[in-house]
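Note on naming: letters A, B, ... go to the chains in the order of the sequence lines (proteins, then strands), and numbering restarts at 1 for each one.
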There are 2 protein chains.
Amino acid sequence: MNILGYYPNVIARSLANRKTNTIGLIMPSFSDMLFINPFFPEALRGISSVLSENSYDILMSTNSKHKEELESIQKFIRGKRVDGIILMSSRVKDECIEFLKQSKFPFVVIGSSLEYNDINFVDNDNEKATYDITNYLIQKGCSNIALIAGSIDLVVTINRLSGYKKALQENDIQINNEYIVVGEFLEESGYISAKRLLSLENIPDAIIVADDIMALGVIKAIKEKNLKIPEDISIASFNNSILAKTSTPTLTSVDVNPLKLGMSAASILINSIDKNDKSKSLVVDYEIIFRDSTK
Amino acid sequence: MNILGYYPNVIARSLANRKTNTIGLIMPSFSDMLFINPFFPEALRGISSVLSENSYDILMSTNSKHKEELESIQKFIRGKRVDGIILMSSRVKDECIEFLKQSKFPFVVIGSSLEYNDINFVDNDNEKATYDITNYLIQKGCSNIALIAGSIDLVVTINRLSGYKKALQENDIQINNEYIVVGEFLEESGYISAKRLLSLENIPDAIIVADDIMALGVIKAIKEKNLKIPEDISIASFNNSILAKTSTPTLTSVDVNPLKLGMSAASILINSIDKNDKSKSLVVDYEIIFRDSTK
DNA sequence: CTGAAAGCGCTTACAG
DNA sequence: CTGAAAGCGCTTACAG
């Protein structure tokens, strides 16, 4: 048939056999962090490579506001445009997860849900990662450890907060709520949050930051105060982007393995569609890369 | 109808009216630079926002090798899956452009073609940008100016090379082929290319680099030689990513406005589809951001 | 102007 | 096992 130049009309085929061979990718809205963050292209690369091998295409949602994410999902499902959906992030009481679960439509979350265990998801053990880092800083003699987290709506923030608190408690260090700051995944936000911490009576001797970009702002604020990193204040952050390697000082940062998160998410989803697998979750290893910003 | 919970089947509609309201996005293959580069997510953001406003969705190609790009295009078109196509980069004798033009299928290129003027495209004036930078460096007293470019297959490389040569010639500076190095858009490649330049008998007093990430490698090589930036060697690069702001020293870099490139590409394509517009091209302004890596 | 029929290009289930 | 018909869920062109 190929010799005759025949090529099947994919749309007609989809209509007939009720299979689109397309996965809907729900992007974080642009107001959101993930777009700037190198996490996103890496995860997309992982998703794309696995879907490609399995002859699935990607239909990307084009929403600019957070509210539009659910609308995109509904549009994709009701319009019968996709066989499954990948959510790139998860929130507390996530209405997208809620809707997808209720619809019994195949989906997978990069991240996890506080409300449901019986869904497909891939995630790091963010609680343990933050627990490990906090413990490490304590081991190195820090006792006034602050946390600059991302939005409190994000499940990842809740998990990290909980790992942070757990480590402090186990080491009999009082949790100081002034040391917990919530920000956005932007350099400016890191800067502002750090300035707040540095204006406290007891300034922290270590700061854990949710993302490398934010950490750059933190470094800036600390340098402005003429404090030394890591002598006066240690910094540890997340995502191990190229910024962590190139900043001054270089940043201790957690590699969350976005490529593997993306690949795993895609393959779990495909199995759930093609083989009707039960809900499955996977914990992807993280790795703490120690650099000059910690002792 | 909405009250009754009716929602049209988009697939069926597409089959009936031969319109998918979907744009195919041909991603650069992963081996390629653009994926790591912040250029890509920004351009995607621009594309996405315009398509979203016009009720178009994005079908992303999932190719991992360069050769697969053309296959993706053929699959999209023959399968009648998209109404138009956006190419994220352009090469010399680009077979994707060739095929699309021949098929008379609506498309737009982010970048330009050396072979065709009568296609839809958006691009910076890369020749002039490089011309401007080279002139600036000459004005500041540099005369041994090197160029670390990207792949020679890319049209952007050809254009920049030509702007570089033009500025040298106009200033009666001999073009030294040893000063022209071709690399990949990776830090390591910048490092290796710079080491080569620094091993020459007459080392350059200025280096123009195709991307900030590569420039980091260049900085590293120069520091290893205990040379000073910009006193001994000036550096200027492209893309004005966050790396340019945060590296030590900070980098003079060209902001190519990827957001606008993406938005313009999308709107030109939509006009070409919906209003059957003639081929149109747009030159997007660049801006040279001067920082500490140049005098 | 309205409504029923034909058609988009496939797949599937069924008659032979 | 093969081949023609019915059906996927819309839109479009046409008869009334």
- [ ] To the nearest Å, give me how far apart NZ (A:Lys80) and C1' (C:dC10) are.
- [x] 18 Å

TODO: Using Watson-Crick or G-U wobble geometry with both distances below 3.5 Å, tell me the partner of D:dA4, or none.
DONE: none

Task: Complementary nucleotide of C:dA13, counting Watson-Crick and G-U pairs under 3.5 Å - done: none

Task: Separation of D:dC10 P from B:Arg13 CZ (nearest whole Å) - done: 8 Å

Task: Under-4.0 Å side-chain N/O to phosphate OP1/OP2 contact, B:Tyr7 with D:dC10 - done: no

Task: Nucleotide D:dC10, atom C1' - distance to CG of A:Leu15 in whole Å - done: 8 Å

Task: Span that lies between the P atom of C:dG16 and that of D:dG7, in whole angstrom - done: 16 Å

TODO: Would you indicate whether B:Lys93, at its atom NZ, is surrounded by more than 12 heavy atoms from other residues, nucleotides or ligands within a distance under 6.0 Å?
DONE: no

Task: Selection from D:dC10, C:dC8, C:dT11 that lies nearest to any side-chain heavy atom of B:Ala12 - done: D:dC10

TODO: May I have the distance from A:Arg81 (atom CZ) to D:dC10 (atom P), rounded to whole angstrom?
DONE: 14 Å

TODO: Flag yes if more than 12 heavy atoms outside B:Lys280 fall under 6.0 Å of its NZ atom; otherwise flag no.
DONE: no

Task: Heavy-atom side-chain proximity of B:Ile97 to B:Phe107 below 4.5 angstrom - done: yes

- [ ] Figure out the CZ/C1' separation between B:Arg78 and C:dG9, and round it to whole Å.
- [x] 17 Å

- [ ] Identify whether the distance between the nearest side-chain nitrogen and carboxylate oxygen of B:Asp285 and B:Lys260 falls below 4.0 Å.
- [x] no

- [ ] Starting at atom CG of A:Asn9, determine the distance to atom P of D:dC10, rounded to an integer number of angstrom.
- [x] 17 Å

- [ ] Using atom CZ of B:Arg18 as one end and atom C1' of C:dG7 as the other, report the distance to the nearest whole Å.
- [x] 9 Å

Task: Integer-rounded Å distance: D:dG7 P and A:Asn17 CG - done: 17 Å

